[in-house]
Structure formats: structure tokens, C-alpha cells
Amino acid sequence: MRFKKTIAAVGFLAAAALTLTGCNSGAPTDGGDTAGGTDSAEVAEGVVLEGSPTFDKMVAADKVVIGVKEDQPGLGYLDNVTGERSGFDVDIARWIAGSLGFDESKIEYKPIASANREQAIVNGDVDYYVGTYSINDKRKQDIDFAGPYFVTGQGLLVKSGGTDYQSLEELDGKTVCSATGSTPIQNIKENFPGIKTQEFDLYSACVENLVNGQVDAVTTDQAILIGYAAQDPENLMVTSGPLLTEELYGVGLPKGDDVLRAHINDLFTDGGDTWQEIFDANLGDSGIKVEQPAVDAY
Ligand code: GLU
């Protein structure tokens, strides 16, 4: 399909953003091949990252393994019919891969749920992880983060029509769903003891349960919730209540790979318009207003 081929052909997402828009408008100009780009891949060439064991591993394997989400529309999503992966996080992941010399045909995506991210990175199951992954000190004990590259905060998703809930405070005695191992589930358990919780590995399972009336609300990052509401506005709505937290998204990396971390931080810092183009292509119509946050090169 055209997007992936174009990524491979141009390497960087300046053009990819435009192509995505073309994709969304349903006007692909080639045969719709989804097998990944094999055209003249003009990704970065001759990349040297002296002292990065993760990069050495990628080079030896001739591929990059990226941990992602695939049930979060607008952020990290796999279309099971076309095989196309899309979303802001996925394009950030592709941007990084291109900067390391890997085109789309050399990317292996691995879906990893929130609860399993640190372990997947520690085990070396993925080279890096890009998927609504909040930077925090607890996680930093096991892994490192490049970034931040995005900022959002904890919000609330409810059924549209017929519910008056606007905030977690109003949900005492009710059941709120979130993902196991996520910052929002931890926040409700610690700070809203009157709320009953329901957990699943995936937010999409929470959303299904909300639509079916099994839970009263879903809570997680507002950017994630907006993606679900946009997919099913008949049934779902994001409340207008204030965001409860600030969630800064980072790229999860093996702990101690400071060379790779610096490379990605430099990419974010010196990336010109690319971040904005990725944002516009994926979230430009979402109503989300975010500027690229400054990198925290700790
Ligand atoms: N950003 C939050 C976290 O990292 C919630 C989203 C997620 O589970 O990926 O836990």
C-alpha cells in the first residue's frame, strides 16, 4: 500500500505525512500492496552508533523490532483487513527506524500490552517501544526513556447520552475500567478508593465493556479516549472534565543504552517540521491541541 512504500522511498516522514493524508482520503495511487516497502529505500545510510548494543543487535539481525499498541486508533492501530498500521506513535516509531537506517520492510512490529512493556524491553524482545508509554521514575528503574515526544493527561470516556458522569469524583460506587499495568489504573486504585475497578490487558476490551454496559466508564490518557470516541461517536464520548494528570510519552529503551537514547533525543530536537507533520497527519483532525514537548535528556 502506498504509505509504506513511500516511507521506504523517502525515508523520512515529511512526505509520509502527506501520503497518509492521501491514504485517508482513499486515493491510493498504486496497487495497494501491504507487504511493506521494497522500493528504493532512501532511509539514512551509513549510520554509525558507536557504543549502542541495541543498534548493534539491529544491524546483526538486519531488522528493527519495535513494540507497539495496535488497538488504539489515531495512536497505534492495526487495520486487520488491510494489514496497515497507522497512528501517531507508529509514525514516530517509523521516523526513528528511518533515522537508524531501517525502512518499513526491515521493521518487525510486536504488539505489547501496557503491563508487559518493561519486561519486553528488559528481555530484549523489542529494540524499542513506542506506544502511549508514560515516562515515570518507577519504570526508569528497569528501562530508559528517550523524549518526551507527546503530552496528554488522564481523562474519562463514558457512554454518550444518558449519563451525567463528568469526572471520577462522580463515579463513587461505580465501575471504571482501565488497562493492567497502566498509570491510570494505579491512580484510581490509590486516589479513588470508592471506585470499583475492572482491568483488562487492552483498552479496547474496556471500551467494549463500556458499550455493553458492563462498566460505567473507561479511564486512561485523553488522547487514547478521543481515538475511541471518534470511531464510535454514537456510543462514546470523552467528558469535558479537567485532566487528572500529565502524561509525558517517551520511547522505551533498554536501560543504559545512552547512545541510542541520545540519538533519538537529537532526532526529536533537530527534527525540523517532522514532528508537526506526523501530528497533523494522524491527530490533526482529532481536536487534540499539543505542541511538541521539549526533550528531557536526563
Ligand atoms: N500513558 C499511560 C501509561 O503509560 C496510559 C496508557 C497506556 O497504558 O499505554 O500507563
Side-chain angles (χ1 to χ4, degrees), residues 66-78 85-93 109-122 125-126 128-157 168 176-192 195 197-210 215 217-231 236 238-239 243-253 255 279 282-283 286 288 290 293 296:
I66 309 176
V68 291
K69 296 288 184 71
E70 59 184 27
D71 69 328
Q72 298 180 179
L75 293 169
Y77 192 72
L78 172 65
R85 286 183 191 272
S86 62
F88 177 80
D89 279 338
V90 172
D91 280 347
I92 293 285
Y109 295 99
K110 265 199 193 165
I112 308 277
S114 296
N116 305 328
R117 291 180 287 206
E118 287 86 80
Q119 202 57 54
I121 295 167
V122 168
D125 296 340
V126 299
Y128 58 88
Y129 187 97
V130 191
T132 63
Y133 201 6
S134 297
I135 299 169
N136 68 31
D137 288 341
K138 181 164 177 288
R139 291 170 178 168
K140 274 193 202 166
Q141 289 172 6
D142 299 317
I143 62 145
D144 273 320
F145 286 102
Y149 66 90
F150 192 73
V151 56
T152 179
Q154 187 178 349
L156 201 61
L157 184 76
L168 279 174
V176 176
C177 192
S178 197
T180 306
S182 67
T183 50
I185 193 83
Q186 199 181 330
N187 186 23
I188 337 179
K189 285 179 175 171
E190 278 170 14
N191 299 315
F192 299 87
I195 293 179
T197 53
Q198 169 78 63
E199 292 181 29
F200 293 102
D201 278 347
L202 300 177
Y203 290 109
S204 46
C206 281
V207 172
E208 252 171 60
N209 276 261
L210 175 61
V215 301
V218 177
T219 185
T220 186
D221 303 337
Q222 188 156 43
I224 300 175
L225 300 177
I226 283 172
Y228 290 120
Q231 244 193 359
L236 300 169
V238 178
T239 69
L243 298 181
L244 294 172
T245 59
E246 183 183 69
E247 305 292 323
L248 288 157
Y249 290 175
V251 177
L253 300 171
K255 195 162 177 61
F279 179 87
N282 291 289
L283 300 173
S286 67
I288 298 169
V290 179
D296 172 20

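Whatever order the structure lists ligands and atoms in, that order sets their numbers, starting from 1. Since we're looking at a predicted model, the values are computed, not measured.
For an aromatic pair to be called close, the ring centres must be under 6.0 Å apart, and Phe88 with Phe150 satisfies this.
Looking at Leu168 and Gln154, their side chains come closer than 4.5 Å, going by heavy atoms from C-beta outward.
Not a single N or O atom of Tyr133, backbone or side chain, sits closer than 3.5 Å to an N or O atom of ligand 1. Considering backbone and side-chain atoms together, Thr220 places no N or O closer than 3.5 Å to any N or O of ligand 1. Checked against a 3.5 angstrom limit, the closest N/O atoms of Ser134 and ligand 1 fall inside it. In terms of polar-atom proximity, Thr132 is counted as a contact of ligand 1, with an N or O under 3.5 Å from an N or O of the ligand. When only interatomic distances are considered, the shortest N/O to N/O separation between Tyr249 and ligand 1 does not fall below 3.5 Å.
The residue among Thr180, Asp221, Ile135 with a heavy atom at the shortest distance from atom 5 (C) of ligand 1 is Asp221.
Under the 4.0 angstrom criterion for non-hydrogen atoms, Gln72 is not in contact with ligand 1. Within the 4.0 Å heavy-atom shell around ligand 1 one finds Ile224. Taking 4.0 Å as the cut-off, Ala179 does not count as a neighbour of ligand 1 on heavy-atom distance. For Gln186, the heavy-atom gap to ligand 1 stays at 4.0 angstrom or more. Contact annotation: Gln154 has no heavy atom less than 4.0 Å from any atom of ligand 1.
Heavy-atom proximity to Lys69, at under 4.0 Å, picks out these atoms of ligand 1: 7 (C), 8 (O), 9 (O).
Atom 2 (C) of ligand 1 has its closest protein heavy atom at Thr183 OG1, 3.2 Å.
In this structure, a donor-acceptor pair under 3.5 Å is absent between the side chains of Gln198 and Asn209.
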